[in-house]
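Remarks on the structure that follows.
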Amino acid sequence: MPWTREQIAARAAKELKDGYYVNLGIGIPTLVSNYIPEGVSVQLQSENGMLGMGPFPYEGDEDPDLINAGKQTITELPTTSYFSSADSFGMIRGGHIDLSILGAMQVAQNGDLANWMIPGKVVKGMGGAMDLVAGVKKVVVVMEHVAKNKDGSESAKLLKACDLPLTGAGVVDMVITDLGVFTIDENGGGMSLIELAEGVTLEEITSKTEAAFKVAL
Amino acid sequence: MPWTREQIAARAAKELKDGYYVNLGIGIPTLVSNYIPEGVSVQLQSENGMLGMGPFPYEGDEDPDLINAGKQTITELPTTSYFSSADSFGMIRGGHIDLSILGAMQVAQNGDLANWMIPGKVVKGMGGAMDLVAGVKKVVVVMEHVAKNKDGSESAKLLKACDLPLTGAGVVDMVITDLGVFTIDENGGGMSLIELAEGVTLEEITSKTEAAFKVAL
Amino acid sequence: MSKKVFPDAKAALAGAIKDGMTLMAGGFGLCGIPDILIEAVRESGAKDLTFISNNAGIDGAGLGILLETRQIKKMISSYVGENKLFAQQFLAGELELEFTPQGTLAERIRAGGAGIPAFFTKTGVGTLVAEGKEERVFDGERYIMERGLFADISLIHAWKGDTEGNLVYRKTARNFNPMMASASRLTIAQVEHLVPAGEIDPDHMHTPGIFVKRIVHVTNAAKRIEQRTTRKRAA
Amino acid sequence: MSKKVFPDAKAALAGAIKDGMTLMAGGFGLCGIPDILIEAVRESGAKDLTFISNNAGIDGAGLGILLETRQIKKMISSYVGENKLFAQQFLAGELELEFTPQGTLAERIRAGGAGIPAFFTKTGVGTLVAEGKEERVFDGERYIMERGLFADISLIHAWKGDTEGNLVYRKTARNFNPMMASASRLTIAQVEHLVPAGEIDPDHMHTPGIFVKRIVHVTNAAKRIEQRTTRKRAA
């Protein structure tokens, strides 16, 4: 049985270590904050200028001056600090954030990541994604293992090389999908499968993965 | 009669315009703040991280956390703001300070300035002088017209070319000495004498100036 | 009253804004945007404007209202996905667009204000963003060179300001405002609270008054919420 | 108590400092210097240290005490004129020295913390400072390239800190401390007042806690005055 979105998030949460400063993207990454292990204290960074991001406000307590990078209303914590966008991305680019968890359209076996544009479609912009993947110490991608096309067919997202425009070159350290977990060696050592979702076979994951990988279960 | 130090400072103060942000060096430049014309409001910047520098404190009110760039105890004003050294020199380098008044060992007719080191003597460092002369919109030098040597002879300080190591190349806009006032055209138009101290003759100032200059009295 | 304080946004822009100028506008999404000043830009009728702003507003709010009037010729932004009118005008070739990664945009503005004409960053290396830019290796890592940005006018929103122009921002409404305040020939700030100089603790000021040439007290900033997300109170 | 809070300066340095390391020390003159942490460096006995600091203290105070014990191999500074021992050791060839203009020093440290390996500045163009550095023209003006600085350990002085490591500086004691806090693998802060997380207004924090790994409450910072200048009270 492949993992659900919640199970992917729970698996990603195991990468959190006590004292980490973490940036979570939109979608499955946001769910990771629900699975922070007991005894582990992490501070969430929001790249629009905040450390120590709290949960959504109670109804009626929304503050237009207090939003996250997804433009959602949020709250502050006793640990919170605010700063400018320049200071925020100085923090990101300077390698002070321990972990970034984000979604992807494609990941290549060398760690290339594509998640910001599809040629021919309306381009919305890269926002802070290129800065995050270039600057954060460890980049974890969480995504569905394959893309479902309109005609019902499936396309691999873990590729030998991305064909979409890149968000970052050689930036991904780990990929967690509904089928399993891969690591990518930042020194060119390639991709390794380190975990399978319960009930998923090596044959199945291999058949749905274009990228070359070592098996290190 | 050559101008006194106080008269040099008073003449320099005429360069202050209402609303200016000004950085004053140590020595004669510090005296300029005593001659700010009536109706003119200026804010003094101290490059160690302060705008709106106030006078020395009353005895007993000295605060070790409140000093100027000469490490002297000072006070704050209702207009005061504090900031980091990076922000302070961003302000300076970015051209936000209107006027810098500082001393010099030598000034050349092309605006070159030397005021930080004498080869063979102990080198103390340039501090913020190179940043100030490179970044501030208008740089006014106040100094004695000639240097008095140990043997009683005099050496010109307004030169065709500086022989001391430079603080900045082509940075000086105006020179005020005890004998008169010169402007230096920043577009290579050379030096012009625009004022003589009362009782000083053109012959005298010419004889004590190595630099070539136009007379524009 | 200080010479920096103007009676309203229209007066603060008067004589300053001209066709073809480059402006910066603070804000992230609709948070911390100088909405009243943007309305005054609309009323000024100035056209062919280039705007440097992280986002382009939404339909009917923020810079979106200047897209409606077709006063914007070009945007330099990191994300414009909330605005249908933007997409229409862009696809019709009526609008130029320069995408810059958000952190690179913030740093380019900070650099422009601080007299740094260019700097190196690892953001965008190996991507479309690097095309046409100088690449260089420092200590074994690849970087690209990015240029500082400096504008004719910056439009800023702050929570509190004093008559000297010192500004304090509130929570995540700070975002791009402080750097933009430093990176223009003329910075105009709208403030929700205007106080006499000396009232704000000088250790708490985010933008020193030197950067702010004109200041306007606004009581009607819209402060709209784009994504109202909440949780239920326990019964 | 937070894991960041250490009982004293000695404990905060324990296991961290090693011979040959590069350290940053905040302060301008004797204002805002981490004096108690500098004493702990002396007690650690670590030697062959490189210090990045605007000044080198005075005889008997600040970094001057590490010159006495000959623990410093090299200084990167903008001005060292207050220190006779410095001059002696330098002239005797016992001390290396790299002069950097004060604004360039501040910016190099800020760059190091912000992931900027190099930037261009007009400071020092046409002077000794430009020798051996790349020069380039942007928009008709000459600039030189300067490199970012990053250290093993930063020693910081702040007025107030909380258990999360968030810091607030006081008046001109801020100076180099905020940039240095961001530009090391390990930043240790001495604070005059230590409070629980949540007590400092998050809009007033100068250094976010992410940069501060260890924090020590000090009650005996010397806070000496170098130039006591006063005016008389009117009778």
Side-chain angles (χ1 to χ4, degrees), chain C residues 32 101 103-104 106-125 133-150 158-160 166-175 177-179 182 192-193 200-208, chain D residues 32 101 103-104 106-125 133-150 158-160 166-175 177-179 182 192-193 200-208:
Chain C
T104 297
E107 189 66 14
R108 290 178 69 191
I109 298 165
R110 193 255 171 208
I116 306 289
F119 59 90
F120 290 90
T121 175
K122 64 178 96 164
T123 298
V125 167
K133 290 176 186 154
E134 175 174 332
E135 183 176 316
R136 190 185 294 214
V137 172
F138 294 99
D139 302 327
E141 269 211 83
R142 294 163 66 198
Y143 296 87
I144 55 174
M145 193 177 81
E146 294 278 3
R147 297 293 309 274
L149 288 171
F150 198 83
W159 178 58
K160 203 187 262 196
N166 296 300
L167 301 181
V168 175
Y169 308 98
R170 184 169 175 273
K171 303 189 189 285
T172 56
R174 192 182 315 182
N175 55 63
N177 285 295
M179 297 84 75
S182 76
E192 297 179 54
H193 303 276
I200 305 173
D201 185 326
D203 276 327
H204 295 169
M205 292 161 178
H206 298 129
T207 289
Chain D
T104 298
E107 190 67 15
R108 291 178 69 191
I109 298 164
R110 193 253 169 209
I116 305 289
F119 59 91
F120 289 90
T121 175
K122 64 178 95 166
T123 297
V125 167
K133 289 176 187 154
E134 175 175 331
E135 183 177 316
R136 190 186 295 216
V137 173
F138 293 99
D139 302 328
E141 270 211 82
R142 294 162 67 197
Y143 296 88
I144 54 174
M145 193 177 81
E146 296 277 3
R147 297 293 310 272
L149 288 170
F150 198 82
W159 178 57
K160 203 187 262 196
N166 297 299
L167 302 181
V168 175
Y169 308 98
R170 185 170 175 274
K171 303 187 189 287
T172 57
R174 192 182 315 183
N175 55 64
N177 284 295
M179 297 84 74
S182 75
E192 296 179 56
H193 303 277
I200 305 174
D201 184 326
D203 276 326
H204 295 170
M205 292 160 179
H206 297 131
T207 289

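Note on naming: letters A, B, ... go to the chains in the order of the sequence lines (proteins, then strands), and numbering restarts at 1 for each one.
In this structure, CE on Met145(D) lies 10.5 Å from CE on Met145(C), to the nearest 0.5 angstrom. The line from CG of Asp201(C) to CG of Asp201(D) is 11.0 Å long, rounded to the nearest 0.5 Å. If you take CD on Glu107(D) and CZ on Phe119(C), they are separated by 10.5 Å, rounding to the nearest 0.5 Å.
Ranked by heavy-atom pairs under 4.5 Å with chain D, the list Tyr169(C), Phe138(C), Trp159(C) is led by Phe138(C). Highest contact tally toward chain D, considering only Glu141(C), Arg170(C), Met205(C), is held by Arg170(C) [criterion: heavy-atom pairs under 4.5 Å].
Residue Phe120(D) touches chain C through both its backbone and its side chain, counting heavy-atom pairs closer than 4.5 Å.
The pair Asp139(C)-Arg147(D) meets the salt-bridge criterion, since a charged nitrogen lies less than 4.0 angstrom from a carboxylate oxygen.
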